[in-house]
Amino acid sequence: MNTHSSQLAEICAGLRRPEKMISPKYFYDERGSKLFDAITRLPEYYPTETELGIMLDNMDEIAARVGAQASLIEFGSGSSLKTRALLSQLIRLAVYVPVDISEEHLLESARKIRKEFPALEVLPVIADFTKPFELPNPKTMPLRNIVYFPGSTIGNFTHDTSLELLRVMYQEAGKDGALLIGVDLQKDAAIIERAYNDSAGITAEFNLNMLTHLNREFDFDFDVDAFSHSAHYDAAAGRMEIRLVSERDQQFSSANEEFQIAAGESILTEYSHKYTLDGFAEMAAQAGFDVAQVWVDEQQLFSVQYCVRRD
Ligand code: AVJ
């Protein structure tokens, strides 16, 4: 089965569930990626700016933890300000390995990184990082592998799938390896909800764009105007739940399948889990990592954590 038809099968399976859902990975077509960039610059969206601030304020300690001649393996295609700050401050980095399933996005950001860091070996890997993948062979032998996973992207995964992902990271880090990860923290619900209900309506556009994307790439016929954005924080579950709510009874279809959705019924498009420091440490421990150091901002909105393989 080719990727496109297996993706369509996956989308349809999600839409057949009692609670309809579509994976957040379908946010990121070209327009979706641009809208996400716009989100990271919104005054209400605290994670990006806060994480960058934590990195910049603590770069010497982070670089000391990573040590010299490491291999930096980024889960995701990188080229963000955070990645570039890290690449410029780490000591004699052996190689930078960005890993992403989207070839176009990956090679484009690898090109940017090579231009900015001409002396650095950049070896992009096209892979689905939720499953084990093979690491490339750099010219300089790395002394240790550091898996880098910024942005609290871990928040998109449920507890079970987070554990699986952390176990892949454990494997890719190898002996003496470590994980440097950005983790958003539990806090006052109003602050979190505001970050996903911005006054400019960019997050709503980002959410609705998923349907436009599915209409174009998978031949759906969603009436995008008949859905609205919803984002609520479930404090007990410690997560944002982002949905598209149908404004009326309607149908939509793709290929040879038709779906009904009632007025007020919704499609779940994203979870964004928030952690306590203890909660994250416990999950990391289950995957074989000890949290060696945690850096947070003054308001304790966000954390950057250095987790070492327990072996
Ligand atoms: C990229 C998954 C970290 O959960 O905050 C931002 C995505 N969704 N606004 C997040 C997102 C709506 C973001 N992550």
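Note that the structure is predicted; figures quoted are calculated from it, not measured. Atoms within a ligand are numbered from 1 in the order they appear, just like the ligands themselves.
- Below 30°, between 30° and 60°, or above 60°: for Phe149 and Phe157 the angle between ring planes is between 30° and 60°, a tilted geometry.
- A salt bridge is defined here as a Lys NZ or Arg NE, NH1 or NH2 lying under 4.0 Å from an Asp or Glu carboxylate O, and Arg41 with Glu49 fails to meet this definition.
- When non-hydrogen atoms are compared, ligand 1 lies under 4.0 Å from the side chain of Tyr196 (C-beta onward) but not from its backbone.
- Heavy-atom distances between Ser152 and ligand 1 reach below 4.0 Å in at least one pair.
- The aromatic rings of Phe36 and Phe206 lie tilted to each other, with the angle between the two planes from 30° to 60°.
- Phe222 and Phe220 have parallel rings, their planes meeting at less than 30° on a 0 to 90° scale where 60° marks the start of perpendicular.
- At the top of the distance list for atom 3 (C) of ligand 1, counting protein heavy atoms only, stands Gly151 O, 3.0 Å.
- Counting only non-hydrogen atoms, the option in Phe206, Phe36, Tyr46 that gets closest to atom 1 (C) of ligand 1 is Phe36.
- A salt bridge is absent between Arg239 and Glu270: the closest approach of a Lys/Arg side-chain nitrogen to an acidic carboxylate oxygen does not fall below 4.0 angstrom.
- Of the N and O atoms on the side chains of Lys187 and Tyr46, at least one donor lies less than 3.5 Å from an acceptor on the other residue.
- The contact set between ligand 1 and Tyr28, taken as ligand atoms under 4.0 Å from a residue heavy atom, comprises 1 (C), 7 (C).
- Contacts with ligand 1 closer than 4.0 Å are made by no heavy atom of Tyr271, backbone or side chain.
- Residue contacts with ligand 1: Gly155 is excluded, as none of its non-hydrogen atoms falls under 4.0 Å.
- Annotation for ligand 1: atoms under 4.0 Å from non-hydrogen atoms of Asn156 are 2 (C).
- In summary, the side chains of Thr83 and Glu74 do present a donor paired with an acceptor at a separation below 3.5 Å, with no hydrogens or angles considered.
- Not a single heavy atom of Phe27 sits under 4.0 Å from any atom of ligand 1.
- Under 4.0 Å from ligand 1, the heavy atoms of Glu270 that appear belong solely to its side chain.
- Thr140 and Gln69 share no donor-acceptor pair across their side chains, judged by distance under 3.5 Å alone.
- Of all protein heavy atoms, the one lying nearest to atom 4 (O) of ligand 1 is Ser272 OG, 2.6 Å.
- Distance from atom 13 (C) of ligand 1 to its nearest protein heavy atom, with residue and atom name: Tyr45 OH, 3.4 Å.
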